[in-house]
Amino acid sequence: MSTTAELLKGAAELFPDEVVTSAHVRHLDLPSGAGRFALITLDNGFDHTKPTTFGPASLANLGLAIDQVEKEAAAGEIVGVGITGKPFVFAVGADLKGVELLKDYDHALAIGKGGHEVFKRLAGLAVPTFTYYNGAAMGGGVEVGLHCTYRTVSKALPAFSLPEVFLGLVPGWGGCTLLPNLIGADKAVSVIVENSLNQNKQLKGQQVFELGIADALFEGADFLEQSLIWTASVLKGDVTVERPVVDRGEAWDQAVARGRFVADSKVHGAAPAAYRALDIIAAAKNGDLEQGYAAEDTALADLIMGGELRAGIYAFNLVQKRAKRPAGAPDKSLARPVTKVGVVGAGLMASQLALLFLRRLEVPVVLTDIDQERVDKGVGYVHAEIEKLLGKGRINQDKANRLKALVTGVLDKAEGFADADFVIEAVFEEIGVKQQVFAEVEAVAPAHAILATNTSSLSVSEMASKLKHPERVVGFHFFNPVAVLPLLEIVRGEQTDDASLATAFAVAKKLKKTAVLTKDAPAFVVNRILTRFMGEVQNVIDEGTPIEVAEKGVEPLGLPMSPLVLLELVGPAIGLHVSETLHRAFPDRFTVSSNLKAVVEAGKRGFYVYDSGKPELDPEVAALLVQGDTVLTEEQVRARVLDAVAQEIGLMLDEGVVAEAQDIDLCLITGAGWPFHLGGITPYLDREGVSERVNGKRFLAPGVASVPA
């Protein structure tokens with residue numbers, strides 16, 4: 001029995017929720033008398049919410065279609081075979097719902113071998129084969145095309161990638177072997193490793209063509225028609241496809257070395273996928289495809305059975321699914337319409353918020369501040385950003401004019417907020433200041449208006465406590481930069497009512513933010529965890545561990561940046577303020593670093609200077625530091641920091657700050673950029689045994705972000 005048939009037989013057991021892809025074969029006569037042609041269309045139905053994927057049954061169906069065209073090609077009944085997808089979608093790769101259920105190494109190995117067995121048959125047909133990338137193509141969807149003789153791509157293609165390394169896998173159905181042999185090792189390293197580790201960067205159709213992955217580029221409107229005309233020209237010999245000779249010398253080795261540098265800078269050796277992919281690319285230099293496929297099979301199976309992939313899939317599902325159905329959100333029918341937004345403050349954060357509301361809601365937005373100069377500067381910032389969008393071609397002149405007309409600034413809150421439905425403050429982080437602002441807004445805003453605070457750590461309930469209607473106050477905590485980070489912590493105060501909360505969630509959805517409901521607890525989720533994390537790093541430095549040892553101690557986590565670089569991004573003064581807030585709330589766990597306080601009082605922007613092009617300890621900061629004589633190793637630093645984080649997360653869950661550990665992870669991924677291979681953090685803490693060591697139990701059940709028992 002063939003592997004394809006075995007996969008089909010076992011599909012129901014291994015991939016019970018697979019959205020099965022069919023592979024329809026139809027025949028047509030090519031233009032200009034080029035001959036009879038077989039076109040395979042991948043299709044799982046025209047529901048565009050369910051992208052075309054490849055699970056065992058889907059691979060088997062493609063295998064059956066190839067059975068048919070193989071016989072026709074051998075009999076001389078067709079001159080070529082093409083493969084394309086349903087409208088707007090080509091195929092987006094392996095069915096991850098099934099992969100995460102695998103618990104047997106042999107089954108994992110069969111997934112790799114099964115994909116190779118089916119896809120290789122396209123290369124082995126007796127006639128030329130063509131792939132027409134008509135829409136989104138990722139992972140296995142890209143790889144099936146690499147096995148064909150020729151490829152075309154649509155200019156309208158919105159997303160094209162090999163995202164496996166991002167999730168903790170390798171492109172295991174030919175990607176690591178075929179792509180460098182097609183476009184050269186350096187370009188392949190960019191697509192497979194660099195783009196994946198750069199937050200899964202996607203390519204557009206034009207870029208796919210320019211890289212040499214596709215041989216021809218056509219407009220989206222009549223893409224298939226033009227691709228078939230081009231196909232006829234190729235088959236008749238009127239068009240000759242010429243590809244550059246791949247450099248298999250020193251350039252290949254340099255490309256792999258560059259890839260290792262990129263991987264080290266992003267994950268610091270903490271996740272194996274990038275390095276396994278680079279090993280296969282390095283070996284592909286000899287052009288031995290079968291050897292490369294075998295290496296892909298082994299790497300795929302090893303990684304499927306590893307913790308990083310399970311955490312990566314878990315993280316992917318959080319971002320794609322849980323983020324769309326926030327836990328604890330009230331009935332959306334309670335939400336009130338928002339037709340005008342007020343912003344208290346006109347500084348950088350307030351101006352970023354104004355721009356976001358303006359672009360997403362396209363309703364009037366009015367800023368206020370204490371003097372006209374600040375107001376004008378805030379409005380000017382928004383206008384300048386709109387001009388940038390216009391200059392980049394992301395909006396047209398009419399829309400730019402319309403958006404500019406919608407944003408205004410006034411000094412008088414009564415004038416600006418009398419008809420506002422949603423007012424958000426972004427003023428100085430001091431409870432008295434915010435209470436005064438809300439009292440002023442409540443006096444002039446309509447009775448139904450939501451009063452939102454962008455506080456990062458203060459109590460929403462205390463902020464609302466002196467108002468006549470505290471039930472309409474809600475926390476609306478964005479992360480900086482506002483336009484980049486998806487997370488929005490929505491905080492329910494003690495008296496916030498369901499209608500106000502529902503309105504906040506509805507606005508968050510229109511803003512295209514990932515909203516997570518949190519209890520009104522000090523620093524909410526992300527800032528509380530990061531402050532405990534960074535506070536423990538600062539503690540070991542204060543006690544005597546050299547800064548470079550403390551920083552390297554947490555490098556194996558593969559975080560986006562080191563603790564002290566993050567502190568520089570946040571701002572030492574803000575970091576100190578949050579640590580002081582949390583120290584008042586939890587003095588037994590949160591400390592206030594005397595060294596950090598000295599850095600802030602000295603007016604320093606961070607611990608490092610960059611005169612040499614890389615971070616080096618600022619001599620002026622070094623002179624300020626007072627350290628003890630307790631020196632820890634990197635391993636001891638890491639254990640201490642992880643223990644602190646595990647303890648804090650356990651306490652937050654006991655307090656009901658969020659509904660589940662999944663919400664903690666979603667917040668860290670979307671608000672702090674923590675990597676998918678950690679799954680946020682709780683899968684990693686479970687995997688490393690930290691959760692049980694500190695709290696006596698795992699955060700997640702076995703099989704969630706881990707191999708099923």
Side-chain angles (χ1 to χ4, degrees), residues 51 92-94 96 136-139 141-142 157-171 175 187-204 207-208 211 258-278 303 308-309 311-324 352 356 392 394 478-488 511-516 526 530 555 557-562 565-566 569-570 665-681 683-684 705:
V92 297
L96 295 178
M138 301 174 197
V142 170
L157 181 143
F160 183 103
S161 66
L162 289 170
E164 287 84 355
V165 166
F166 178 68
L167 295 172
L169 279 174
V170 299
K187 291 178 180 177
V189 164
S190 294
V191 174
I192 294 170
V193 176
E194 189 171 18
N195 287 359
S196 288
L197 294 181
N198 188 17
Q199 293 298 308
N200 193 22
K201 179 182 176 181
Q202 300 293 314
L203 299 172
K204 304 293 186 184
Q207 294 169 303
V208 173
L211 282 168
R258 182 178 71 83
R260 295 192 193 284
F261 176 81
V262 169
D264 287 343
S265 68
K266 292 290 187 179
V267 300
H268 308 286
Y275 302 96
R276 293 295 293 268
L278 288 164
L303 293 167
E308 289 81 4
L309 172 68
I313 295 174
Y314 164 83
F316 180 82
N317 287 334
L318 290 180
V319 171
Q320 294 297 316
K321 297 178 182 178
R322 191 176 184 90
K324 294 177 173 61
Q352 289 184 70
L356 179 67
K392 293 176 181 177
R394 296 176 64 182
F478 291 87
F479 290 79
N480 207 7
V482 171
V484 176
L485 291 175
L487 180 64
L488 178 55
L511 295 176
K512 298 184 179 180
K513 291 295 181 180
T514 296
V516 174
V526 172
L530 289 184
E555 265 191 5
L557 298 178
L559 300 177
M561 60 191 74
S562 75
V565 173
L566 175 61
L569 178 67
V570 171
D665 294 320
L666 181 59
C667 284
L668 287 174
I669 292 165
T670 57
W674 282 32
F676 271 40
H677 72 259
L678 294 183
I681 188 59
Y684 179 81

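Contact check for P675 versus L559: side-chain heavy atoms found under the 4.5 Å cut-off. Contact annotation: the side chain of N200 never approaches that of F676 to less than 4.5 Å [non-hydrogen atoms, C-beta and beyond]. Taking 4.5 Å as the limit, every side-chain heavy atom of P272 sits out of range of all side-chain heavy atoms of H677. Here the side chains of N317 and I313 are in contact, with some heavy-atom distance below 4.5 Å. Under the 4.5 Å side-chain criterion, counting only non-hydrogen atoms from C-beta, V267 is in contact with Y275. With contacts defined as side-chain heavy-atom distances shorter than 4.5 Å, the pair E164/L303 does not qualify. With contacts defined as side-chain heavy-atom distances shorter than 4.5 Å, the pair F160/L211 does not qualify. The shortest distance between side-chain heavy atoms of Q352 and N480 falls below 4.5 Å.
The shortest heavy-atom contact between G259 and V189 is CA-CG1, 3.6 Å. For the residue pair A263 and L197, the shortest heavy atom distance occurs at CA-CD1, 3.8 Å. Pairing each heavy atom of V170 with each of A277, the nearest pair is CG1-N, 3.6 Å. Looking at every heavy atom in both residues, V142 comes nearest to A137 through CG2-O, 3.5 Å. Residues G168 and L309 approach most closely at O-CB, 3.9 Å, considering heavy atoms. In plain terms, the two heavy atoms of V92 and P51 that are nearest each other are CG2-CB, 3.5 Å.
Separating the CD atom in Q199 from the NZ atom in K266 is a distance of 7.5 Å, to the nearest 0.5 Å. With rounding to the nearest 0.5 Å, the separation of CG in L511 from CG in L356 is 4.5 Å. Put simply, SG on C667 and CD1 on I681 are 13.5 Å apart, with the number rounded to the nearest 0.5 Å.
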Original post:
Could you go step by step and tell me if T514 and V319 meet the side chain to side chain contact (heavy atoms under 4.5 Å, CB included) rule?
Top reply: CA-CA 8 Å; T514 296; V319 171; 5.8 Å; no
Original post:
Between W674 and L530, is a side chain to side chain contact (heavy atoms under 4.5 Å, CB included) present by the stated rule, with each step listed?
Top reply: CA-CA 11 Å; W674 282 32; L530 289 184; 3.7 Å; yes
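Among I669, T670, L668, the single residue meeting the side-chain contact (heavy atoms from CB on, under 4.5 Å) criterion with L666 is T670.
Using modelled atom types, one side-chain atom of S196 and one backbone atom of L162 make a donor-acceptor pair closer than 3.5 Å. K513 places no side-chain N or O within 3.5 Å of a backbone atom of L487 that could act as its donor or acceptor partner. With hydrogens and angles ignored, the 3.5 Å screen pairs no side-chain donor or acceptor of K321 with any backbone N or O of F316.
Remark: K187 NZ is packed, more than 12 non-hydrogen atoms of other residues, nucleotides or ligands lying under 6.0 Å away.
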